[in-house]
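These notes concern the structure reproduced below.
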Protein chains: 2
Amino acid sequence: MRIGQLAQLVGVETQTIRFYEQQGLLPPPDRQDNGYRVYTEKHGEGLAFIRRCRILGLSLAEIHELQSYQDDPYQPCTAVNALLDDHISHVRSQITALQTLEKQLVSLRASCNDDREIEACGVLAGISEGNMHQQ
Amino acid sequence: MRIGQLAQLVGVETQTIRFYEQQGLLPPPDRQDNGYRVYTEKHGEGLAFIRRCRILGLSLAEIHELQSYQDDPYQPCTAVNALLDDHISHVRSQITALQTLEKQLVSLRASCNDDREIEACGVLAGISEGNMHQQ
DNA sequence: TAAAACTATAAAGCTACTATAAGGTCAATA
DNA sequence: TATTGACCTTATAGTAGCTTTATAGTTTTA
């Protein structure tokens with residue numbers, strides 16, 4: 001399988017595949033005589049794994065960590081679970097931060113309407129005065 | 001006021017101030033004979049405005065837009081309100097995306113415990129098999 | 001006087017790609 | 001056969017919003 005086929009199979013751009021190889025997330029494949037990369041099903045599985053991790057919001061460094069665990073199949077998987085727990089708490093703190101932010105934005109927005117001039121704009125005044133009373 | 005004092009006043013690093021100047025968000029201040037930047041209170045207010053916008057999650061481009069409105073005080077402020085409305089809906093969609101993600105992560109985490117070996121790890125299996133059933 | 005603390009510029013690094021440039025390879029067509 | 005088009009190669013730059021590093025000049029302090 002050449003790079004374009006693999007890309008289409010997994011739904012990624014070819015540059016992304018080369019990028020993952022360069023970052024050490026995908027093993028360098030064999031090459032044809034003309035230098036073209038030749039991929040196997042294994043590569044397809046590896047690439048799909050990476051993409052699913054990315055969809056779950058894991059960083060490339062975290063994916064690299066998971067891969068290193070996979071290379072050691074008889075170790076306990078506590079580290080994998082810990083990595084996921086960390087990621088979950090990270091996502092949760094992002095959510096609460098954004099919810100706080102949303103409240104601030106909505107209250108700021110409520111301080112103005114469209115019938116004013118810039119000079120009297122409640123939104124701009126609110127930002128300028130800095131009454132954002134955050135924690 | 002020199003750059004270090006301004007930085008301490010607003011709670012930013014000096015490089016950040018130079019960066020904002022370079023990006024056209026802060027007007028270039030006067031210079032001493034030795035080349036040192038000299039700031040006024042106006043600069044302090046401008047910098048504080050930028051920081052509050054950043055805390056509200058606005059991009060530098062959006063801040064630039066707000067500044068251009070401020071330079072035109074007798075225009076109606078509909079554009080300001082529209083910018084904020086856009087930003088609010090952006091934040092909201094981020095929140096719902098993260099909430100969906102959290103559910104996926106929690107259910108993935110529930111598929112494993114710490115008493116297994118990597119080989120039997122429910123988390124890794126879950127990612128590999130790709131049963132992430134997202135829309 | 002010499003070190004510490006401050007300032008200056010320019011350039012690279014960070015994340016996870018995406019885009020662009022310049023070129024080599026291959027199969028099919030005119 | 002020449003050439004077109006689709007594919008492949010590498011290398012480099014761009015994205016956002018800074019942060020870090022390098023190198024050097026200036027001011028303050030001990």
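The distance from atom CZ of B/Phe19 to atom P of D/dA16 is 9 Å, rounded to the nearest whole Å. Rounded to a whole Å, the CD1 atom of B/Ile55 is 15 Å from the C1' atom of D/dC18. For the pair B/Gln23 CD and D/dG17 C1', the interatomic distance rounds to 8 Å; values are reported in whole Å. Taking atom CD1 of B/Ile17 as the reference point, atom P of D/dT20 lies 15 Å away to the nearest angstrom. When rounded to the nearest whole Å, the span between CD of B/Glu21 and P of D/dC18 equals 15 Å. One can place NE2 of B/His90 at 13 Å from P of D/dA16, the figure rounded to the nearest angstrom. As a whole-Å value, the separation of B/Gln22 CD from D/dC18 P is 12 Å. Here D/dT15 presents its P atom at 17 Å from CD of A/Gln15, a figure rounded to the nearest Å.
Residue A/Arg18 is classed as a base contact, given a heavy-atom separation below 4.0 Å to a base.
When DNA chain C is scanned in the 5' to 3' direction for atoms under 4.0 Å from non-hydrogen atoms of chain B, the outermost contacting nucleotides are C/dC6 to C/dT9.
Under a 3.5 Å cut-off, the side chain of A/Arg92 and the backbone N or O of A/Thr96 do not form any donor-acceptor pair.
OP1 or OP2 of D/dC7 has not a single side-chain nitrogen or oxygen of A/Arg2 nearer than 4.0 Å.
For B/Arg109 and B/Asp114, the salt-bridge test passes: some basic side-chain N is under 4.0 Å from an acidic carboxylate O.
Between B/Tyr39 and B/His43, the two ring planes are perpendicular [angle over 60°; tilted spans 30° to 60°].
For DNA chain C, the residues of residues 29-38 of chain B within the heavy-atom distance limit of 4.0 Å (strictly under) are B/Arg31, B/Gly35, B/Tyr36, B/Arg37, sorted by number.
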